[in-house]
Amino acid sequence: MPELPEVEWVRRQLEPLVVSRRVVAGWGHDSPKFAQAPAAVGAEITGVARRGKYLLIGLDDARELIVHLGMTGRLRPRPEPSETDRYVRAWWRLDDGMILELRDVRRFGRVAVVEAGDHRSLPTLAALGPEPWDPSLDGDGFWRRLRSSRSRIKSQLLSQRPIAGVGNIYADEGLWRAEVHPALRSLTRRQASRLLEGVRDALEVGLANGGTTLRDYRTPDGNQGRNQSALRAYGRAGAPCERCGTLLQSRVYDARTATFCPTCQHR
DNA sequence: GGCTGGCCCTGTACGC
DNA sequence: TGCGTACAGGGCCAGC
């Protein structure tokens, strides 16, 4: 499931392949989530940016091609569209002949073509919190953002509103690092500050390791991430906490599984 | 206006 | 072996 580190790796590998290339053909699956893909045809790609888990592909006609990879989405360059692959949801042919293909088994991904900066059709993107390394975001500001909601702290992280780019993996990892219980509904300034650092640390490690590959994630060059062996909480229910040795627990809060240490992350 | 929970979607794991 | 069921989860949206 691509979160910020994984999407950033996709962005880095995609950029040199597509910038200054013109989109000469395109196709999108019938689903409204992908049907806008051909709208990019005719435009030249000016850049590949990222906001949270969204890829923002700049077009030279003042529009943006926005791609969200959902849970199983993968962007990859191909010499030709894979006509026999039933999970290809969109593709774009560039003027050098390369096909940029979006493969997404579960169809949780999304493609949109919008006026540059007009994200009204993507509510989560429109309301996205600051990037984790935004220099204007400090512990106090993060605490104020969290204080505006009474939802569980983990649900808040997943909402993308307090901070951008955190999904289930890095939320569990950040909460474990900060020793904060996922079901808390309010944090002290000190806890919020620790959580911000914990999330930043988890994302930095993930980025340095090329992302986390659990099932589907691959970079455009086909490589897997290496961060799965660096996980301290996510997916480790029943294993001993690396800090205190207590067995990690798994609970469902707001329909999302959270894995945490009941001792270090005491409620 | 904020929060909660259901839905979308399909491969995988597991039990019978 | 084959079938049925539960589960995974990001984002959206209806209902409260």
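Numbers restart at 1 for each chain; the letters A, B, ... are given by sequence-line order, proteins then strands.
- If you measure from atom NZ of A/Lys53 to atom C1' of C/dC12, you get 14 Å, rounded to the nearest angstrom.
- A donor and an acceptor atom sit less than 3.5 Å apart, one in the side chain of A/Arg256 and one in the base of C/dG10.
- We find the CZ-CG distance between A/Arg11 and A/Leu75 to be 13.5 Å, quoted to the nearest 0.5 Å.
- Put simply, A/Gln160 has a side-chain N or O that comes within less than 4.0 Å of OP1 or OP2 on C/dG11.
- At B/dG5, none of the side-chain N or O atoms of A/Arg152 fall inside 4.0 Å of OP1 or OP2 (strictly under the cut-off).
- Between A/Tyr234 and C/dG9, a side-chain N or O to OP1/OP2 separation shorter than 4.0 Å is present.
- The residue A/Ser155 sits apart from the nucleic acid: no heavy atom pair falls under 4.0 Å.
- For C/dG11, the OP1/OP2 oxygens have a side-chain nitrogen or oxygen of A/His68 closer than 4.0 Å.
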Side-chain donor-acceptor pairs under 3.5 Å in residues 38-45 of chain A, sequence neighbours left out?
unit_1	atom_1	unit_2	atom_2	d
A/Glu44	OE1	A/Arg22	NH2	3.3

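- Phosphate contact (OP1/OP2 of B/dG2, side-chain N/O of A/Ser151, threshold under 4.0 Å): absent.
- Among the heavy atoms of the strands, none lies under 4.0 Å from A/Ser159.
- Spacing between atom CG of A/Asp85 and atom C1' of B/dT10 amounts to 14 Å, rounded to whole angstrom units.
- For the pair A/Tyr253 OH and C/dA8 P, the computed distance is 14 Å after rounding to whole Å.
- The heavy-atom pair separating A/Tyr234 from A/Glu173 by the smallest distance is N-OE2, 2.8 Å.
- Mapping A/Ser121 and A/Phe108 onto DNA chain C via the closest heavy atom, the residue that lands nearer the 5' end is A/Phe108.
- What separates CZ of A/Arg161 from P of B/dG2 is a distance of 8 Å, to the nearest Å.
- You'll find that the side chain of A/Pro123 is closest to C/dC12, out of C/dC12, C/dG10, B/dT4.
- Counting atom types as modelled, A/Arg106 pairs no side-chain N or O with a base atom of C/dG11 as donor and acceptor under 3.5 Å.
- The main-chain N or O of A/Asp104 is never found under 3.5 Å from a side-chain atom of A/Thr72 such that the two would form a donor-acceptor pair.
- Atom CG of A/Leu158 is separated from atom P of B/dG5 by 15 Å (rounded to the nearest Å).
- Of the listed nucleotides (C/dG11, B/dC9, C/dG10), C/dG10 has the atom at the smallest distance from the side chain of A/Lys33.
- Computed from coordinates, the A/Arg110 CZ to B/dC8 C1' distance equals 13 Å when rounded to whole Å.
- The interatomic distance linking A/Asp172 (CG) with C/dG10 (P) rounds to 10 Å, in whole Å.
- Each of B/dC9, C/dC12, C/dG10 was ranked by its minimum atom distance to the side chain of A/Arg107; first place goes to B/dC9.
- Atom NE2 of A/His29 is separated from atom C1' of B/dC9 by 11 Å (rounded to the nearest Å).
- Cation-pi geometry between A/Arg190 and A/Trp143 is not satisfied (NZ or CZ under 6.0 Å from the ring centre, within 45° of the ring normal).
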